[in-house]
Amino acid sequence: MVGLSVVHWLMGEDGWTFAPGPGVVPDTVNGVAALHQLYTLADPDCTTRVTVPVLWDKAIGRIVSNESAEILRIFNSAFDGLGAAAGDYYPEAHRAKIDVVNERVDASLNNGVYRAGFATT
């Protein structure tokens with residue numbers, strides 16, 4: 001139901017690419033060579049920062065989300081009527097705690113990697 005593409009681990013001058021390399025899975029839906037091309041396919045006037053992950057809707061030709069926690073919440077129920085395994089991985093009773101953990105992980109680990117990678121000092 002959901003395809004997967006994986007960008008090259010080295011973000012070069014052209015940003016994230018699908019250049020051949022270990023673990024790279026090219027974009028077979030749109031055939032783009034660089035992730036920024038996917039953003040401009042969705043919106044030709046796009047000037048936002050290009051980030052991963054990206055959830056692309058090939059039926060409507062646009063980015064649904066590029067925020068990991070939101071993508072996980074989407075996947076929690078988006079395929080319930082289409083044969084997905086039963087389960088609620090974002091149960092109402094635990095959402096407040098889950099959100100606190102996600103916020104901490106996002107700020108200190110996910111964004112920490114970007115802060116370190118783009119540090120000027």
Side-chain angles (χ1 to χ4, degrees):
M1 284 186 221
V2 178
L4 176 70
S5 298
V6 179
V7 295
H8 195 282
W9 57 269
L10 178 62
M11 186 175 73
E13 288 184 27
D14 207 21
W16 298 112
T17 70
F18 294 101
V24 174
V25 179
D27 170 28
T28 59
V29 172
N30 298 292
V32 299
L35 194 58
H36 71 82
Q37 295 169 315
L38 194 64
Y39 276 68
T40 54
L41 272 177
D43 177 6
D45 298 321
C46 178
T47 59
T48 187
R49 187 173 188 184
V50 175
T51 63
V52 292
V54 172
L55 180 58
W56 177 265
D57 186 326
K58 66 181 181 180
I60 60 174
R62 72 175 184 92
I63 295 171
V64 175
S65 179
N66 65 350
E67 200 281 308
S68 57
E70 181 180 353
I71 292 170
L72 289 173
R73 287 190 294 270
I74 291 168
F75 279 175
N76 188 53
S77 60
F79 302 101
D80 285 356
L82 302 171
D88 183 359
Y89 305 103
Y90 191 54
E92 186 72 41
H94 300 289
R95 286 182 183 180
K97 288 182 181 179
I98 292 169
D99 291 345
V100 167
V101 171
N102 282 344
E103 188 176 317
R104 180 175 177 210
V105 168
D106 191 53
S108 61
L109 182 62
N110 295 347
N111 288 334
V113 170
Y114 281 103
R115 285 195 309 272
F118 294 115
T120 58
T121 62

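Predicted model only: the values in this text are computed from it and were never measured. Atoms considered below: every heavy atom in the structure, side chains included; atoms not considered: hydrogens, waters and symmetry mates.
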Are [Y] and [X] connected into the same hydrophobic cluster when the rule is that any two of I, L, V, M, F, W, Y join if their side-chain heavy atoms are below 4.5 Å apart?
X   : Y    : value
L55 : L4   : no
M11 : V7   : yes
V32 : V50  : yes
L72 : V105 : no
Y89 : F79  : no

E67 CD: over 12 foreign heavy atoms closer than 6.0 Å:
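For E67, atom CD is crowded (more than 12 foreign heavy atoms under 6.0 Å).
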Minimum heavy-atom separation for [X] to [Y], with atom names?
X   : Y   : answer
V24 : P20 : CG2-C, 4.4 Å
Y90 : N76 : N-OD1, 3.6 Å
A42 : W56 : CB-CZ3, 3.7 Å
W16 : W9  : CZ3-O, 3.6 Å
H8  : L10 : ND1-N, 3.0 Å

Working to the nearest 0.5 angstrom, can you tell me the gap between [X] [atom1] and [Y] [atom2]?
X   : Y   : atom1 : atom2 : result
Q37 : T17 : CD    : OG1   : 10.0 Å
T28 : K58 : OG1   : NZ    : 7.5 Å
L38 : D43 : CG    : CG    : 12.0 Å
T51 : I63 : OG1   : CD1   : 8.0 Å
E92 : I98 : CD    : CD1   : 10.0 Å

So, D27 side chain and G31 main chain: donor-acceptor pair closer than 3.5 Å or not?
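Checking the backbone N and O of G31 against the side chain of D27, a donor-acceptor pair under 3.5 Å is found.
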So, R73 and E70, do they make that salt bridge, N to O below 4.0 Å?
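No, this pair does not count.
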